[in-house]
**Q** 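Pasting in a structure now, in structure tokens, and then I'll have a few things to ask.
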Amino acid sequence: MTQLTPYHEDQELDNNTSANIHFRDILEQHISRRSLITKTASGAVALTLASTLTGCNDSDNKNNNSGGGTTTPVDPNKKPEKLNFTAVPKNLNDIVTVPEDYQADVIYALGDSINPSYAEWDDNSIPSGPSFQFRSGDCHDGMSYFGLNTATGRYDEQQSNDGLLVLNHEYINPTFLHPQGPTKVDGRRPEDEVIREVNAHGVSIIHVKKDTKTQKVELVKNSVYNRRITGSTLMEFAGPAAGNALLATKFSPSGVQTRGTHNNCGNGYTPWGTYLTTEENFIGYFARSATDDAARRPEEIVALQRYGLKAGSSTRYGWETALGQVDSQDLYDRWNADVKAEQAAQDYRNAPNTFGWMVEIDPFDNRQAPVKRTALGRFAHEDCRTSRVIEGENLAFYMGDDSRGEYIYKFVSDAKWDPKDVNGGYRAGDKYMNAGKFYVAKFNNDGTGQWVELSYGKNGLNESNAAYPFKSQADVVTFARLAADSVGATKMDRPEWCAVNPVNGEVYVTLTNNSNRGSSYPTDAANPRHYEDLKNNEKVQKGNVNGHIIRFREADDKTTAESFKWDIYLFGAEAAMAANINLSGLTDQNDFSSPDGMWFDPRGVLWIQTDDGAYTDVTNCMMLAALPGQVSDGSKATTSNGTETIVGAKVNDENLRRFLTGPKECEITGVTMTPDYKAIFINVQHPGEDSKSYAAPTSNWPATQTNPNNTTARPRSATVVITRKDGGVIAG
Ligand code: FEO
Ligand code: CA
Ligand code: CA
């Protein structure tokens, strides 16, 4: 028996060795999933209908102004003029802390069942691997709320009382997922553990119901809408790479399908009511033996290396080692990307090409398979934010590639927005996400920038390209990093989430940190800081230690623009750092490090979340609320390392304030609200991630949320809902 080392995202490698100015990273259950779902679904239909008849007509779901018990009625749709909740102090407590007058409740933690047939979670009796198809996955991440019209069963963007909460399960913490941590027997992972791990990845779709008076939110456990998408769910391909030889596998020789999605990190949602999930650190799931290069063509080796799958790569969890006794051996063999057969359609050499995409899921449609939208490129997809929705205008989708020195991309639909497509499901996805133009961003030092088109035959993206011989748009999107390298895109400090300001359409991107900025990546105006910081008074941290948030405004406010103007909205820093590092003027009420999750709510309040390892000697990770201005509202600045940049207006306590802190060793990620702004949902990922053994947890959250004295419970990732004690509007 061997303990595996817990994974952390910071372990990801640099793969961007391009010469212009980066990363690393089931199972169709044999237990007749279909028959189980059918049985469960039909059983649950009756229960859901019953609750509809008794509970749904007393709604206040039309963004009305009842104020929910507040003394001064507020217009929930109006952007607050200033932040007036009590700032949460930095702390190292093992609990989610929210402002006075707010409350935080855990609604959905690792292993919680989404079906009344499956028992409640019990720390001392970890359920079987297959049962996790009906339980919460691990490492909760990006998340969106979709209002549910219980009469039609379709999306209703105004509905706050019933909704589908859709959330990612990025990866796993095997230490606490299994009864006694992960094991290996004779060099192989036990099949039940692998099944549990594969099922603990992916996406949850859960029906939540909010009490119209108390605002209390609960999971509707018997709802037909509850379902899990896992590392083995059938997926379709659409767009330029669908059906291309690059996606041919033994499972789908014609390259039109694959099984599963994983490393679903940030997320997005479309104006037609579907969910977008990203595939970030996918590469670490594939093995390739040291001798495999000999069987590959030169361009295949170039592409495999650029995506971090060098010959001799081992996998993060060892799924390829399992012996199929419950399930078919093929489900495990697919994680080995070696050339093993005569033809690519007879092995899994191309399996890594079937991950790293943007995936569309219709939460309201459990019949059709989710669709991997290949037009949006293949890389360590972190997040996807749709532009403001304007009738008759093209839609843009903004995306980051989270690795050191990687790029910011956008995809612009050929189709112009037609509001009749709301509730159009995957057909609307086909209309807006298959045909369009794909771009990568170049930031100039003078505050201007360009979108460089990544289309086959343009900008040198052809057979004679020195980086890679592109033969079609399928090549360009599948090897988007190589295409972006060859057009001289700007290497950024790990692009994480994107957000679009509903007030003016400006786009914000978190650049979480980059330990190699100032060494292998020279500074530039858009990535201007490197400095040293001591952690616990001993460890020297280097590079862009605390991260920043860049923002840009498209020329003429058009999504189709090929140029933009940018500045740096906010620099992460410790309040006590020198003014030429703490360039935004952070104070104890709002200082933070390593911005990651980020979302503008429809009023225009910006929510910023952290996944930090630098300032965690002082405080746990957090979420802040912000009321930003606009590009160019600040001035030029020079950083401690002498690089000139353009910084937004300094912030103050009324427009940037700490709203929440998380438990020990967690990341705060995923943020969404009900449309009446009375409930905000966030995820706590990997509490206690540094625990050395299941028997010695360094966090006991979420048990500590209701019993602060608990010192024994397993730490579990979970979704938290925050409401005001008086039932009022959040940050209103
Ligand atoms: Fe999964 Fe880049 O955070
Ligand atoms: Ca993230
Ligand atoms: Ca992260």
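All values below come from the heavy atoms of this structure, side chains included, with hydrogens, waters and symmetry mates left out. In listed order, ligands and their atoms are each counted from 1.
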**Q** Flag the pair Arg189 and Glu320 as a salt bridge only when some basic side-chain nitrogen lies within less than 4.0 angstrom of an acidic carboxylate oxygen.
**A** no
**Q** Using the side chain to side chain donor-acceptor pair (under 3.5 Å) criterion, which residues pair with Thr510? Sequence neighbours excluded.
**A**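 Thr510: no side chain to side chain donor-acceptor pair (under 3.5 Å) contacts found.
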**Q** N/O/S atom of Asp141 under 3.0 Å from the Ca ion (ligand 2), yes or no?
**A** no
**Q** Could you tell me whether Arg481 and Asp401 make a salt bridge, using a distance below 4.0 angstrom between a side-chain N and a carboxylate O?
**A**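 Salt bridge present between Arg481 and Asp401.
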**Q** Do NZ/NE/NH1/NH2 and the carboxylate oxygens of Asp533 and Lys535 come within less than 4.0 Å?
**A** no
**Q** Give, rounded to 10 degrees, the angle between OE1 (Glu382) and OD2 (Asp402) as seen from atom 2 (Fe) of ligand 1.
**A**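 Vertex at atom 2 (Fe) of ligand 1: approximately 110°.
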**Q** Go through the structure and list residues passing salt bridge (charged side-chain N to carboxylate O under 4.0 Å, His left out) with Arg551, not counting sequence neighbours.
**A**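 Result, salt bridge (charged side-chain N to carboxylate O under 4.0 Å, His left out) vs Arg551: Asp567, Asp633.
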**Q** Distance alone, cut at 3.5 Å: any donor-acceptor contact between the side chains of Asn683 and Thr669?
**A** no
**Q** How about Glu170: does one of its N, O or S atoms come closer than 2.8 Å to atom 1 (Fe) of ligand 1?
**A**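 Yes, within the cut-off.
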**Q** Tell me whether atom 2 (Fe) of ligand 1 has Asp596 as a neighbour, meaning an N, O or S atom of it below 2.8 Å.
**A** no
**Q** Given atoms OE1 of Glu496 and OE2 of Glu280, what angle do they subtend at atom 2 (Fe) of ligand 1, to the nearest 10 degrees?
**A** 150°
**Q** Using a distance threshold of 3.0 Å, state whether an N, O or S atom of Glu170 lies below it from the Ca ion (ligand 2).
**A** no
**Q** Any salt bridge between Asp493 and Arg517, counting N to O under 4.0 Å?
**A**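 Yes, this pair counts.
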**Q** Do any of the N, O or S atoms of Glu280 sit under 3.0 Å from the Ca ion (ligand 2)?
**A** no
**Q** Restricting to N/O/S, name the atom of Glu382 that gets closest to the Ca ion (ligand 2).
**A** OE2
**Q** For the Ca ion (ligand 2), which N, O or S atom of Glu496 is at the shortest distance?
**A**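 Nearest to the Ca ion (ligand 2) within Glu496's N, O and S set: OE1.
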